[in-house]
Amino acid sequence: LARRPKQKVLILMSDTGGGHRASAQALAEVLAQRHGDKVETAIVDVWTLYGPWPFGQELVPYYRELAKRPLLWWAHFRASSLKPAAYLMSQLMSAVCYRGFEQCIREHAPDVVISMHPLCQAVPIKVLLTDLATPHPFWLHPRADLCFVPSDSFHKAATDRGLARSQLRQHGLPVRPGFSPKRVLATAPGAVTNGSSWVASRAVPSVLSELGLLPDRHTVLLVGGGDGVGKLGEIVHAMAQELAEYNAAGGAPSWAPAQMAVVCGKNQELCQQLQARDWGPHLHVAVVGFTSRMSDYMGVASCIVTKAGPGTIAEACCSGLPIMLSGYLPGQESGNVAFVVDGGFGAYASEPAKIASTVASWLAEPQRLAQMSERSILAARPLATERIADDIIELIRPNRVEPRARKNLWARRRTGQKAA
Ligand code: UDP
């Protein structure tokens with residue numbers, strides 16, 4: 001292995017939602033930036049490409065349908081968290097998917113396997129987590145060499161499940177490079193006010209004009225995860241009505257006009273519907289489908305409305321955005337709501353009208369918006385990806401002394417070496 005010019009990192013995930021791929025891309029980009037001379041990385045949706053029927057064809061569409069039905073989601077989450085069910089499912093997955101996973105790993109011949117999906121732990125691999133606060137037990141595999149946990153609650157859940165502290169690293173969730181506030185607060189010393197609470201950096205006008213939006217306005221960013229789910233359409237309509245009324249009436253005394261940017265993700269039907277809509281004379285609205293420019297859009301926004309997806313929350317914190325949460329997947333995303341609300345940089349409401357009025361009340365109070373933005377940045381872990389990448393490089397460093405004896409099944413299987 002040491003003779004290879006570059007070591008190979010294989011990231012296993014599945015495109016259930018957008019967060020797993022986004023985290024995988026974050027790590028791959030940072031590995032390339034910081035350690036491109038030492039490693040090369042492949043990202044593989046192992047379930048879709050190597051899963052047998054029906055998993056290969058149906059897992060991603062099934063997840064998309066499930067994400068639209070929170071109660072059904074919750075039933076799956078709870079049932080599969082129970083020990084006997086989790087055991088049976090692990091056995092079933094291993095039995096059914098073993099060959100496919102093995103083929104994937106043999107084809108890529110990696111030096112390290114990183115799992116960024118709870119359903120990729122059943123094979124003995126190095127583990128990385130991409131939920132924020134409420135771990136499903138499938139994430140926490142005691143045989144992982146390293147398990148990256150993003151929060152205290154995850155850390156505790158991992159030790160409760162028998163992972164040793166030496167196996168755990170807590171750096172935060174990996175976020176793709178580029179997420180940072182591209183505006184400065186107008187209340188910052190030396191800032192020149194322009195009527196709103198933000199002063200844009202030079203990059204902001206070009207992003208806004210590409211979207212057909214105006215500078216010197218608040219921009220409310222609305223998203224529904226990678227799949228554009230969670231009543232996104234209804235929320236957009238309620239928000240449009242509220243902001244158009246405020247804009248038309250001049251709003252509160254300190255009201256600066258507001259506009260909206262809507263990211264529909266892979267929900268093409270909603271994207272087409274919203275793009276065809278006439279928003280009237282008092283509101284500018286940009287509607288896009290799946291975009292790779294989320295960091296640009298967060299960079300120009302004053303706040304974000306989103307379901308409680310861990311990836312979007314982590315990115316919004318790095319961008320210094322107050323966060324209006326509009327829904328969550330019971331179990332998996334419930335802890336994320338407390339993270340935002342208790343952190344003082346957001347609120348939760350499920351009713352579209354309440355969501356719209358809450359956001360309008362923030363925009364009407366620039367000082368409050370600025371405070372929430374500062375708290376959001378405080379909750380960010382912008383160096384998480386770099387630290388995770390460095391730990392992985394350390395893990396695969398040639399001649400590294402193992403901190404504790406362990407069976408590295410895949411390495412031995414690849415090299416044909418026998419267990420000591
Ligand atoms: N995302 C993106 N482009 C889009 C919509 C979403 O890159 O058009 C990204 C978003 O920035 C985030 C991820 O998809 O990184 C969504 O992850 P999250 O954990 O919030 O929700 P999920 O979709 O996994 O349920």
Side-chain angles (χ1 to χ4, degrees), residues 13-29 43 45 59-70 73 76-77 116-119 128-136 139 150-151 172-180 211 221-232 236 261-268 270-271 274-275 286-301 304-319 321 323-337 339-340 346 380-381 384-385:
M13 41 69 72
S14 185
D15 283 311
T16 52
H20 302 292
R21 185 167 290 275
S23 293
Q25 283 170 341
L27 186 59
E29 276 180 48
I43 301 173
D45 179 343
L59 184 70
V60 170
Y62 187 66
Y63 173 91
R64 198 168 293 151
E65 288 309 309
L66 216 54
K68 292 180 196 159
R69 297 172 178 78
W73 171 273
H76 278 67
F77 187 91
M116 297 187 95
H117 196 283
L119 296 183
L128 185 71
L129 301 181
T130 62
D131 273 330
L132 201 52
T134 325
H136 189 286
W139 276 121
S151 61
L173 213 68
V175 167
R176 290 165 288 178
F179 285 92
S180 63
L211 285 169
L221 179 63
L222 298 101
V223 299
D227 292 334
V229 291
K231 290 202 270 186
L232 181 59
V236 169
V262 185
V263 175
C264 299
K266 293 174 206 150
N267 191 339
Q268 289 173 356
L270 178 66
C271 185
L274 295 179
Q275 282 175 339
V287 179
V288 299
F290 193 87
T291 175
S292 57
R293 301 194 52 197
M294 210 56 145
S295 60
D296 286 337
Y297 300 159
M298 286 200 191
V300 301
I304 185 169
V305 180
T306 175
K307 79 177 183 79
T312 306
I313 292 174
E315 293 162 357
C317 289
C318 290
S319 311
L321 295 181
I323 303 173
M324 181 71 222
L325 293 176
S326 56
Y328 61 90
L329 292 176
Q332 181 172 309
E333 294 178 344
S334 20
N336 303 347
V337 177
F339 175 75
V340 169
R381 305 290 294 271
T385 322

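We count ligands from 1, going down the list as the structure has it; atoms in each ligand are counted the same way. Basis for what follows: all heavy atoms, side chains included, without hydrogens, waters or symmetry-related copies. In this text, all values refer to a predicted model and were calculated from it rather than measured experimentally.
Between His20 and ligand 1, no N or O atom pair is found at a separation short of 3.5 Å. Taking any N or O of Thr312, backbone or side chain, at least one lies under 3.5 Å from an N or O belonging to ligand 1. For a threshold of 3.5 Å applied to N or O pairs, the pair formed by Glu315 and ligand 1 contains at least one separation below that value. Considering backbone and side-chain atoms alike, Gly17 places every N or O at 3.5 Å or more from each N or O of ligand 1. For ligand 1, the polar-atom distance check finds no N/O of Ile313 at less than 3.5 Å from any of the ligand's N/O atoms. Checked against a 3.5 angstrom limit, the closest N/O atoms of Asp227 and ligand 1 fall outside it.
Taking the side chain as every heavy atom from C-beta outward, Thr312 and Met298 approach each other to under 4.5 Å. Side-chain contact between Val287 and Val236 is absent, with no heavy-atom pair separated by less than 4.5 Å. Using a 4.5 Å cut-off on side-chain heavy atoms (C-beta onward), Ile304 and Glu315 make no contact.
Between the choices Pro174, Gly225, Gly311, Gly18, the shortest heavy-atom distance to atom 5 (C) of ligand 1 belongs to Gly225. Between the choices Gln25, Arg176, Arg21, the shortest heavy-atom distance to atom 7 (O) of ligand 1 belongs to Arg176. Relative to atom 1 (N) of ligand 1, the option among Met294, Arg293, Gln332 with the closest non-hydrogen atom is Met294.
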(message) Is there a side-chain contact (heavy atoms from CB on, under 4.5 Å) between Val288 and Tyr297? Walk through the geometry before answering.
(response) CA-CA 11 Å; Val288 299; Tyr297 300 159; 4.1 Å; yes

(request) Decide side-chain contact (heavy atoms from CB on, under 4.5 Å) for Arg21 and Asp45; before the verdict, give the C-alpha distance in whole Å, the side-chain angles of both, and the deciding distance to 0.1 Å. (result) CA-CA 9 Å; Arg21 185 167 290 275; Asp45 179 343; 4.2 Å; yes

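Other residues, nucleotides and ligands contribute over 12 non-hydrogen atoms within 6.0 Å of the CD atom of Gln275.
The aromatic rings of His20 and His117 sit tilted, their planes meeting at an angle between 30° and 60°.
Each of the following atoms of ligand 1 lies closer than 4.0 Å to a heavy atom of Gly19: 13 (C), 16 (C), 17 (O), 19 (O), 22 (P), 23 (O), 24 (O). Atom numbering of ligand 1 starts at 1 in the shown order; those under 4.0 Å from a heavy atom of Gly265 are 8 (O). The ligand atoms of ligand 1 that sit less than 4.0 angstrom from a heavy atom of Ala22 are 15 (O).
Heavy atoms of Gly289 come nearer than 4.0 angstrom to ligand 1 in at least one pair. Look at Val263 and you'll find a heavy atom under 4.0 Å from some atom of ligand 1. At least one heavy atom of Tyr63 sits closer than 4.0 Å to an atom of ligand 1.
Panel note: side chain Thr306, backbone Gly224; no donor-acceptor pair is recorded below 3.5 Å.
Ala308 pairs by the side chain to side chain contact (heavy atoms under 4.5 Å, CB included) definition with Ile313, Leu325, Tyr328, Glu333, Asn336, Val337, not counting sequence neighbours.
Of the heavy atoms in Lys307, only side-chain atoms (C-beta onward) come closer than 4.0 Å to ligand 1.
Considering NZ of Lys307 and CG of Leu329, their distance stands at 5.0 Å, rounded to 0.5 Å.
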